[in-house]
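If you scroll down you'll find the structure; I have some questions about it.
From a predicted model like this one, the values you see are computed outputs, not experimental measurements.
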Amino acid sequence: MEVQKNIFNAIFDALVETIKDLFSSDTSVDKIVNESSKAIDQIIIDQENELKLKYVAGKFFIELVDRDNEKDVDKFQLRYQLYFKNEEGKWIESSGASKKYPISNILKDDNDIIEQLIEKKQLSFDIKRPK
């Protein structure tokens, strides 16, 4: 599988900048997922149109990340992986990740979801083709 790094990651970066206010105060996993899906849909549409790719599948992740040091707080980041096929049928992967944010920023959410994130280290969501 060919890994493609391209300018479309800038769209994801722009998403994170747009919703970073979510991370400066309590928010919910649902709100993070809903806001992120808008940018990811745009990435899919742009890659299909501009690079003549066909979207096949993808995942969006909210995941715990390693602490920078022992005194650091638990942190999470957003990440996506998208899989396309080009006109020759070759697999193309597009991926991106956000900065790290304190997990305390999503404490507003249901404690079961937080416990699940801490236990599994990652929550994943399937990405469907945008309509």
Checklist entry - Linking I/L/V/M/F/W/Y whenever their side-chain heavy atoms sit closer than 4.5 Å, directly or via other members, would Phe61 and Ile43 fall into one cluster? => result no
Item to check | side-chain contact (heavy atoms from CB on, under 4.5 Å) involving Val33 - partner list, sequence neighbours excluded | outcome: Val29, Phe60, Ile62, Phe125
Item to check | Shortest non-hydrogen separation from Gly58 to Tyr83 and the atoms involved | outcome: CA-CD1, 4.4 Å
Checklist entry - Leu51 versus Phe84: any side-chain heavy-atom pair under 4.5 Å? => result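 With C-beta onward as the side chain, the pair stays apart.
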Checklist entry - With Glu63, which of Lys75, Arg79, Lys120 fulfils salt bridge (charged side-chain N to carboxylate O under 4.0 Å, His left out)? => result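 Among the candidates, only Arg79 passes.
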Item to check | Shortest non-hydrogen contact from Asp41 toward Pro130 | outcome: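 Nearest heavy atoms, Asp41 then Pro130: O-CG, 3.7 Å.
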Checklist entry - To the nearest 0.5 Å, what is the distance between CD (Glu50) and NZ (Lys52)? => result 8.5 Å
Next on the checklist: For Lys128 versus Ile44, what's the shortest heavy-atom pair and its separation?
Outcome noted: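 Smallest interatomic distance, heavy atoms only, reads O-CD1, 4.4 Å.
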Checklist entry - If every non-hydrogen atom of Ser36 is compared with every non-hydrogen atom of Leu78, which pair is closest and at what distance? => result OG-CD1, 3.8 Å
Next on the checklist: Nearest 0.5 Å, please: how far is CD in Glu48 from NZ in Lys54?
Outcome noted: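 These two atoms lie 8.5 Å from each other.
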Item to check | Working for side chain to side chain contact (heavy atoms under 4.5 Å, CB included), residues Phe76 and Lys100 | outcome: CA-CA 5 Å; Phe76 73 97; Lys100 300 174 187 177; over 6 Å; no
Item to check | Closest non-hydrogen atom pair, Arg129 against Tyr55 | outcome: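 Minimum heavy-atom separation between Arg129 and Tyr55: NH1-O, 3.5 Å.
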Item to check | Option among Val56, Leu53, Leu82 that satisfies the side chain to side chain contact (heavy atoms under 4.5 Å, CB included) test with Ile92 | outcome: Leu53
Checklist outcome for this item: Residues Gln47 and Ser94: closest non-hydrogen pair is NE2-OG, 2.9 Å
